[in-house]
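Chain identifiers are assigned alphabetically (A, B, ...) following the order of the sequence lines, protein sequences preceding nucleic acid strands; residue numbering begins at 1 within each chain. Just the heavy atoms: all of them, side chains too, but no hydrogens, waters or symmetry mates, feed the values below.
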Number of protein chains: 2
Amino acid sequence: MINPLVRKLEKFTKLSRADQEALRDLASQRVRHLNARDDLIHEGDRPDHVNLILSGWACRYKTLEDGRRQIIAFLLPGDLCDLNVFILREMDHSMAAITPLTFAEVTREHMEALTLDHPRVTQALWWDSLVNAAIQREWSVNLGQRTAFERVAHLLCELFLRLRSVGMTEGTSCDFPVTQVDLADATGLSAVHLNRTLQELRGADLIVLRGKLLTIPDLEALQAAALFSPNYLHLNHEGQRFDANDA
Amino acid sequence: MINPLVRKLEKFTKLSRADQEALRDLASQRVRHLNARDDLIHEGDRPDHVNLILSGWACRYKTLEDGRRQIIAFLLPGDLCDLNVFILREMDHSMAAITPLTFAEVTREHMEALTLDHPRVTQALWWDSLVNAAIQREWSVNLGQRTAFERVAHLLCELFLRLRSVGMTEGTSCDFPVTQVDLADATGLSAVHLNRTLQELRGADLIVLRGKLLTIPDLEALQAAALFSPNYLHLNHEGQRFDANDA
DNA sequence: CGGCTGCTTGAACTTGTTCAACAGCGGTGG
DNA sequence: CCACCGCTGTTGAACAAGTTCAAGCAGCCG
């Protein structure tokens, strides 16, 4: 399989062979595995490397003292967590595997070397982190303004498009290994109401979700129901302006 | 008044004279003014410079087709918007002045020069943008998990601490020029319910809010009520490790 | 004074929560 | 092979939190 990070960044800019090689190199160092539900890192820990998701799903989350949990972001293959985390003294949130997970721990030194040697890659990584910031903002809109129905629909649209951008969809379907409890924690709904909302979405023929497979028969329709506009994902080949297929 | 950006960044690292001078320089170019409610930039516009807030309050926001509006972030003096925005083709959200506003438009070239010449400043700016990302994440927790009461309390704690970090509080009070409708749009509540929530907070003697002045008689108590933990603001002089009072 | 914007109130209503119970499934151990 | 356990998904019914609508008030500025 093609490296999902490379694939995603090429949505932004064409990368040279050397660039691609450097990225593949990132993905081959200090590779680690986790079981579903294990923490990658916990609030309060000192961050000393950047995590690059290679396969499986993970999430960022925070819990309140009384146990309420909010999932803050989903991390998919090709996602890189916070280029500069080292700068901070301690993590302000936790990260956990949702499925069995493979990821690479990229050291500070490695990141710095990459930055120096591959300006085009660096640019693309900044683009990626701006997109992540935009996603985070959209989640605020989602949680603050959308109804349960719209909110769940919106999340599904987003995840589907993000998966597609790393080549992890097949036609109108994709793997969807998230439990309803996780979805509830991501959308700020109770598990019960989330369940009923999914049923509504099914009833409206907007989604088919069975086992761990999600099918979206009519993406346009789902987007309309969610008041979803994909602009914040900045996927429209922004940086075809930088075309440099060998440096 | 001391430059708020310098003051904030010094929470992270000691800056040399030259560093400080460079930052003050940022704040003196292409200074612009807006009236309350005017947009700085609108969704869909092409971003071609970074905005540095000099005085007054602003916000980021998004609106849905049917008019629902979510305020996504508050921008206070000393706040700098998205170091790298130029990378994106178009804005995925809007920004507006809440009060009469003074801000500086910093060109791409100027930012790049700053980055090259002042690595310590660059580092501090990255710190600042990581903190902004953390704030954005915390807003998700706020919107997704906290009750109206906790949510409003939490927002007030955050704003108070952020204002304090740029020297804009006086004892237990600060200027608070935000209308209830704005607060409602930031917390995802209806204006009516926001109003009642403020009354509850007043009734519990957690805040005094009259006119445009906010007083928090017992910050600890308000934080406790909000389940507020300040760690995500990373204000605990993280970077006293870098002390270099002249380069 | 008149008109605007922002704040406040009451009452009916809706959306989403909570609690409690149960069904389905896969895995594990006896 | 069956019994049992734990996790995930599903259901009903009572309940609570927050919304909506509509009206009125207060303060401010011209």
I'd like to know if Asp92(A) pairs up with Arg60(A) as an ion pair, taking the criterion as any Lys NZ or Arg NE/NH1/NH2 lying under 4.0 Å from an Asp or Glu carboxylate oxygen. no
Rounded to whole Å, CG of Leu194(B) lies from P of dC7(C) at a distance of 9 Å
All N/O pairs under 3.5 Å across the protein-nucleotides 18-23 of chain C interface:
none

salt_bridge(Asp128(B), Lys11(B)) N-O dist < 4.0 Å: no
Base, sugar-phosphate, or nothing: which does Arg151(A) touch, judged by heavy atoms less than 4.0 Å apart? nothing
Answer with yes or no after comparing the ring centroid distance for Trp139(B) and Tyr232(B) against a 6.0 Å cut-off, counting only values under it. no
Rounded to whole Å, how long is the line connecting atom CD of Gln145(B) with atom P of dT17(C)? 10 Å
So Leu189(B), base contact, sugar-phosphate only, or nothing? Heavy-atom distance under 4.0 Å. sugar-phosphate
What's the CZ-C1' distance between Arg210(B) and dG27(D), to the nearest Å? 14 Å
Give a yes or no on whether the backbone of Ala186(A) and the side-chain of Gln70(A) come within a donor-acceptor separation of less than 3.5 Å. yes
In whole angstrom, what separates Leu143(A)'s CG from dG16(C)'s P? 13 Å
Any side-chain to backbone donor/acceptor pair from Gln136(A) onto Ile72(A)? Under 3.5 Å, distance only. yes
Any non-hydrogen side-chain atom of Gln29(B) less than 4.5 Å from a side-chain atom of His49(B)? no
Which residues in residues 172-181 of chain B have at least one heavy atom lying under 4.0 Å from any atom of DNA chain D? none
Does a nitrogen or oxygen in the side chain of Arg202(B) sit under 4.0 Å from OP1 or OP2 of dT8(C)? yes
Considering all heavy atoms, the nearest Val50(B)-Cys81(B) contact: CG1-O, 3.4 Å
Protein-nucleotide distance (Arg146(A), atom CZ; dG16(C), atom C1'), rounded to Å: 18 Å
To the nearest Å, how far apart are Lys212(B) NZ and dT5(C) P? 14 Å
d(CG, Leu213(B); C1', dG6(C)) in whole Å: 17 Å
Which nucleotide wins on minimum distance to the side chain of Asn195(A), given the candidates dT11(D), dG16(C), dG6(C)? dT11(D)
How far apart are the C-alpha atoms of Tyr61(B) and Asp182(B), what are their side-chain angles, what is the distance that settles it, and do they pass the side-chain contact (heavy atoms from CB on, under 4.5 Å) test? CA-CA 10 Å; Tyr61(B) 70 95; Asp182(B) 288 338; over 6 Å; no
Please report, rounded to the nearest Å, how far the P atom of dG16(C) is from the CD atom of Gln199(A). 15 Å
Is a salt bridge present between Asp38(B) and Arg32(B), judged by a nitrogen-to-oxygen distance below 4.0 Å? no
Could you tell me whether Gly211(A) contacts a base, only the sugar-phosphate backbone, or nothing, with contacts defined as non-hydrogen atoms closer than 4.0 Å? nothing
